[in-house]
Amino acid sequence: MNIATWNVNSLRARMPRFLPWLQENQPDILCLQETKVIDDLFPRSEIEDAGYNIAFFGQKTYNGVAILARQPIEDVVRGFPGDDEDAQKRVIGGIVDDFVVLNLYVPNGSELGSPKFEFKMNWLEQLREFVSDRYDFAEKMVITGDFNITFDDRDVYDPEGLREAIHCSTPEREALAKIMELGLHDGLRKHHEEAGLYTWWDHRGGAFWKDRGLRIDHFLLTDSALESCASVVIDREARKGKGASDHVPVIATFS
DNA sequence: ATGGTGGGTTCCCCA
């Protein structure tokens, strides 16, 4: 049983690389972010033909999340309770087999002190309340996606240069830590302690080839999910060559 | 080296 997460930065633009990746890796569950497609235009037939059920929650131009699974996706939730229809589409959850899955695209936040940063911090507090109210941490649960936050300086290519910068700041890390305190663990750190394990490299400035990256795509696991987690692997190959997303897939395997 | 690239029913905004 494995679960993957991938910010594809437009699913339709990514299809020439996405479909071969899906065929080759065949994850049991795949959480996508930044699909950037309304539900009516979601490329469902190609994905269904590959053997997947789909739950999607998209909007025009920005954001958009989806869950793909080989087994049925039950009890699908979309957005936060109380969201109006204009709310940004950044949250989708469901139950697949005996796994509770929550797939997130956390706001980027732009820069500290900006209105977008304020939005990010408010969104993270909304997330904490939603997760705390709705979910049972005794369950086998995975909260995954693009968090747009590094846990610590090991996740940052230039910790001094990016001190208190967006994705690395103390308020962001504290907001994430507050969510972790509900009873979650950083899946990758069960298996790997080293620095320099990145999941995102800017498209600009040849960042990938300079390995100027960040680890911002995560698997947050409850105790029982952590216990059965056998590996967490970052697929760096997916960042190489033409037509890559700026994020790579991360794949967690469970016994 | 404060630049640059990539995506979107695009002519600016977002990352």
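Chain identifiers are assigned alphabetically (A, B, ...) following the order of the sequence lines, protein sequences preceding nucleic acid strands; residue numbering begins at 1 within each chain.
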Report task. On DNA chain B, reading 5' to 3', which nucleotide is the first and which the last to sit with an atom under 4.0 Å from a heavy atom of chain A, could you check? Result -> B:dG4 to B:dA15
Query raised in the report: Taking the same atom, C1', in B:dT5 and in B:dT10, what whole-Å distance lies between them?
Result: 16 Å
**Report entry** B:dA1 to B:dC11 separation - C1' atoms, rounded to the nearest Å
**Finding:** 30 Å
**Report entry** 5' precedence on DNA chain B between A:Gly243 and A:Tyr105 (nearest-nucleotide basis)
**Finding:** A:Gly243
Requested in this report: Would you kindly compare A:Lys116 and A:Lys36 by the position of their nearest DNA chain B nucleotide and give the one closer to the 5′ end?
Outcome: A:Lys36
Report task. Hey, can you tell me if A:Phe80 and A:Trp123 have their rings parallel, tilted or perpendicular (30° and 60° cut-offs)? Result -> tilted
Requested in this report: Look at the aromatic rings of A:Trp200 and A:His167 and report parallel, tilted or perpendicular, splitting at 30° and 60°.
Outcome: tilted
Query raised in the report: Between the side chain of A:Asn103 and the main-chain N/O of A:Ala66, is any donor-acceptor distance below 3.5 Å?
Result: yes
Requested in this report: Could you tell me how the ring of A:Trp21 sits relative to the ring of A:Phe18: parallel (under 30°), tilted (30 to 60°) or perpendicular (over 60°)?
Outcome: parallel
Query raised in the report: If you look at every strand shown and take non-hydrogen atoms under 4.0 Å, does A:Arg14 touch a base, only sugar-phosphate, or nothing?
Result: sugar-phosphate
Query raised in the report: When all nucleic acid strands are considered with a 4.0 Å heavy-atom cut-off, which category describes A:Lys60: base, sugar-phosphate, or nothing?
Result: base
Query raised in the report: What nucleic acid atoms does A:Phe208 come within less than 4.0 Å of, heavy atoms only: base, sugar-phosphate, or nothing?
Result: nothing
Report task. Using a strict 4.0 Å threshold on nitrogen-to-oxygen distance, state whether A:Arg215 and A:Asp186 make a salt bridge. Result -> yes
Report task. Using the P atom as the reference point in each nucleotide, state the distance between B:dG7 and B:dT2 in Å, no decimals. Result -> 26 Å
Query - Distance between C1' atoms of B:dA15 and B:dG3 (Å, rounded) - result: 16 Å
Query raised in the report: Taking NZ, NE, NH1 and NH2 as the nitrogens, is one of them in A:Arg189 or A:Asp155 under 4.0 Å from a carboxylate oxygen of the other?
Result: yes
